[in-house]
Visitor: 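Once you've had a glance at the structure underneath, I'll fire off some questions.
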Protein chains: 2
Amino acid sequence: MSRGIVVVASSRAGKPSRRAAQRESTLLEIRREGRRRLVSEGEAGVTLRPIARALGLTAPALYRYYASRDDLLLDLIADLYAELTEGMERASAGPLPQDLAARTVAVTWEFRRWARANPREFQLVFATPVGTGEDSRTERLDACGQRFGRVYQTLFAEIWQRAPFPIPADDDLDPRLRAQLATWAADNDIPLPLGALAMFLGCWVRIYGLISLEVFGHLGFALEDVTPMYDAMMAELGARLGLPWRAEFGCPEPG
Amino acid sequence: MSRGIVVVASSRAGKPSRRAAQRESTLLEIRREGRRRLVSEGEAGVTLRPIARALGLTAPALYRYYASRDDLLLDLIADLYAELTEGMERASAGPLPQDLAARTVAVTWEFRRWARANPREFQLVFATPVGTGEDSRTERLDACGQRFGRVYQTLFAEIWQRAPFPIPADDDLDPRLRAQLATWAADNDIPLPLGALAMFLGCWVRIYGLISLEVFGHLGFALEDVTPMYDAMMAELGARLGLPWRAEFGCPEPG
DNA sequence: ACACTCTGCATACACTGTTCACTCATGTCA
DNA sequence: TGACATGAGTGAACAGTGTATGCAGAGTGT
């Protein structure tokens with residue numbers, strides 16, 4: 001289902017017809033309003049009638065723009081997801097290109113910042129079981145996920161290529177794990193040794209694990225403020241990756 | 001609100017009156033039916049009318065047992081959570097008490113088993129932002145969380161006390177982190193050095209991170225079957241904790 | 001000016017959680 | 001045993017929800 005909405009054709013020339021412009025505008029308004037509700041009240045707060053009312057419409061009118069509520073929601077989530085990725089890409093491009101340590105810090109900090117600023121969206125994107133919802137959902141978010149993953153993957157590859165760091169030898173890897181890593185590397189043309197890939201996954205597990213635990217409040221039993229532990233983890237990861245760490249990488253701001 | 005239901009008084013003597021027994025029975029049926037729907041269709045699938053219909057009642061009747069749908073849901077989630085903890089406690093008690101490596105493996109394996117068998121409940125319990133829902137929710141689940149945490153905490157303390165393993169010195173810890181760990185240890189009478197506590201949190205981050213990523217399908221981009229990586233991680237954690245690892249700890253079964 | 005498409009609306013349907021007034025069986029007490 | 005209170009369950013109703021249908025009117029291309 002879910003693909004019942006056809007993009008309106010613009011008038012033959014390049015300039016969009018008045019109607020197409022109007023459509024684009026209300027489409028934007030719908031997303032803006034929906035997003036506000038998603039962020040402030042969570043997934044359940046995205047309901048059609050209030051959204052429609054906010055722009056002077058009625059609920060069925062929204063079906064001219066989205067085939068279903070789920071479609072709208074998916075669009076909103078994908079938007080947030082894309083924004084996260086763009087933020088991380090910007091963060092990665094912020095420091096000098098050759099300052100890989102600073103770029104790693106900036107990217108991960110942006111990830112954490114976004115997660116803490118948008119806990120509900122973080123849950124929707126990063127902590128929702130697969131197979132929940134329709135396939136279109138999984139499909140679309142997978143596309144976003146690939147772009148997200150590329151940020152870390154390219155950064156990691158750069159780090160390795162600039163200055164290889166100690167990794168486990170292929171023979172030290174579980175044969176089953178080794179086979180999977182080999183498949184992954186081959187399918188995606190990743191020019192890294194298998195041990196480095198294992199290391200990459202290990203780093204991702206720790207970054208994701210710590211930030212998730214923080215966002216979901218599952219470190220409160222021990223830590224009131226996760227930032228010091230986050231800093232310590234990043235420093236350790238930096239050390240393992242052979243990144244020259246600097247004092248300024250620690251985050252001064254509390255909470 | 002949410003506490004509008006008073007337990008019916010049993011007749012003066014110990015034996016429950018016929019009515020109290022009946023009540024207990026239908027209460028159980030409600031939970032059983034609700035649980036089935038929660039597991040099979042997720043949080044949104046727990047709706048009053050179908051549950052009531054399943055036991056030959058109407059929806060308002062359920063309000064004699066639960067003050068609201070949220071209350072019922074909370075009960076169901078807490079039940080699942082408690083079952084997880086009990087499963088892990090059983091797993092910890094399975095091997096010989098002095099075989100700490102086997103107990104660690106068994107406990108964590110049970111955690112992973114439960115998470116994969118109940119992804120939706122795993123999300124509800126371990127991956128839902130704090131502050132979502134009412135305070136009673138947070139409160140109740142926190143109580144369950146404490147019991148859950150105790151399984152790992154006691155096991156970890158036993159490991160350390162039996163045979164201390166290398167830990168960072170206090171001076172090597174970030175002062176802010178050190179202070180938080182000290183507070184935590186003091187408030188809960190944990191007889192472990194601060195470095196060991198940092199290590200505990202680090203282990204928890206990795207276990208939680210890997211299992212979450214698996215359950216939420218965020219390792220599929222690289223690994224088809226997470227078990228080998230899980231085994232590798234457990235072996236590494238075991239090595240760090242000085243646990244004598246044995247080949248049989250690896251899980252033979254795929255997927 | 002025509003025909004056509006697209007937008008939006010009113011209505012309706014089947015749901016949802018929840019409240020209210022009411023009935024009727026059960027339990028308690030004089 | 002009779003009187004009374006309690007507690008379980010009901011049907012009706014309310015305010016919501018997503019969604020389907022049919023119809024009006026505006027925008028657009030010929």
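Every value quoted in this text rests on a predicted model; they were computed, and no experiment measured them. Lettering follows sequence order; numbering is per chain, from 1.
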Visitor: Is any N or O donor-acceptor pair between the side chain of Arg69(A) and the base of dG18(D) shorter than 3.5 Å?
Guide: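 Looking at the base of dG18(D), it does not pair with any donor or acceptor on the side chain of Arg69(A) (distance under 3.5 Å).
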
Visitor: Any side-chain N or O of Thr58(B) under 4.0 Å from OP1/OP2 of dG9(D)?
Guide: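 Thr58(B) to dG9(D) OP1/OP2: no side-chain N or O under 4.0 Å.
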
Visitor: Tell whether Arg23(B) reaches the base of dT26(C) with its side chain through a donor-acceptor pair below 3.5 angstrom.
Guide: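 No pair found.
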
Visitor: Could you label the plane-to-plane angle of the Phe148(B) and Tyr81(B) rings as parallel, tilted or perpendicular, counting under 30° as parallel and over 60° as perpendicular?
Guide: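 Tilted, since the angle between the ring planes falls between 30° and 60°.
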
Visitor: Here's a test of your reading of the structure: between Val46(B) and Gly56(A), which maps to the more 5' nucleotide of DNA chain C?
Guide: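 Residue closer to the 5' terminus by nearest nucleotide: Gly56(A).
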
Visitor: Can you tell me if the side-chain N/O atoms of Tyr65(B) get under 4.0 Å from OP1 or OP2 in dG9(D)?
Guide: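 Answer is yes, contact under 4.0 Å.
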
Visitor: Given dA20(D), dG17(C), dG9(D), which nucleotide is nearest the side-chain atoms of Leu57(B)?
Guide: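 My answer, after comparing the listed nucleotides, is dG9(D).
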
Visitor: Kindly say if Thr47(B) contacts the phosphate of dT16(C), meaning a side-chain N or O under 4.0 Å from OP1 or OP2.
Guide: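 Answer yes for this pair, as a side-chain N or O of Thr47(B) is under 4.0 Å from OP1 or OP2.
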
Visitor: Indicate, with yes or no, if the rings of Phe122(B) and Phe126(B) have centres closer together than 6.0 Å.
Guide: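 Ring centroids of Phe122(B) and Phe126(B) are less than 6.0 Å from each other.
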
Visitor: Answer yes or no: side-chain N or O of Arg49(B) and base N or O of dT18(C) forming a donor-acceptor pair under 3.5 Å.
Guide: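 Pair found.
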
Visitor: Could you work out which one of dT19(D), dG8(C), dT18(C) sits closest to the side chain of Leu48(B)?
Guide: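 Given the options dT19(D), dG8(C), dT18(C), the side chain of Leu48(B) is closest to dT18(C).
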
Visitor: Would you find more than 12 non-hydrogen atoms of other residues, nucleotides or ligands less than 6.0 Å from Glu41(A) atom CD?
Guide: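 Result for CD/Glu41(A): enclosed.
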
Visitor: Quick one: Gln22(B) CD to dT26(C) C1', roughly how many Å, whole number?
Guide: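 Spelled out: CD on Gln22(B) to C1' on dT26(C) is 11 Å.
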
Visitor: Quick one: does Pro50(A)'s side chain get under 4.5 Å of Thr47(A)'s, heavy atoms only?
Guide: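 Answer yes - side chains close enough.
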
Visitor: Output the rounded distance in Å from OH (Tyr66(B)) to P (dG9(D)).
Guide: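 Rounded to the whole Å, the gap is 14 Å.
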
Visitor: Nearest to the side chain of Ala61(B), which nucleotide is it out of dG22(D), dG9(D), dT16(C)?
Guide: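 Closest nucleotide to the Ala61(B) side chain: dG9(D).
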
Visitor: Would you mind telling me which of dT11(C), dG9(D), dT18(C) lies closest to the side-chain atoms of Ala59(B)?
Guide: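 The answer is dT18(C).
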
Visitor: Under 4.0 Å, heavy atoms only, any strand: does Gly45(B) hit a base, just the sugar-phosphate, or nothing?
Guide: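 No contact.
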
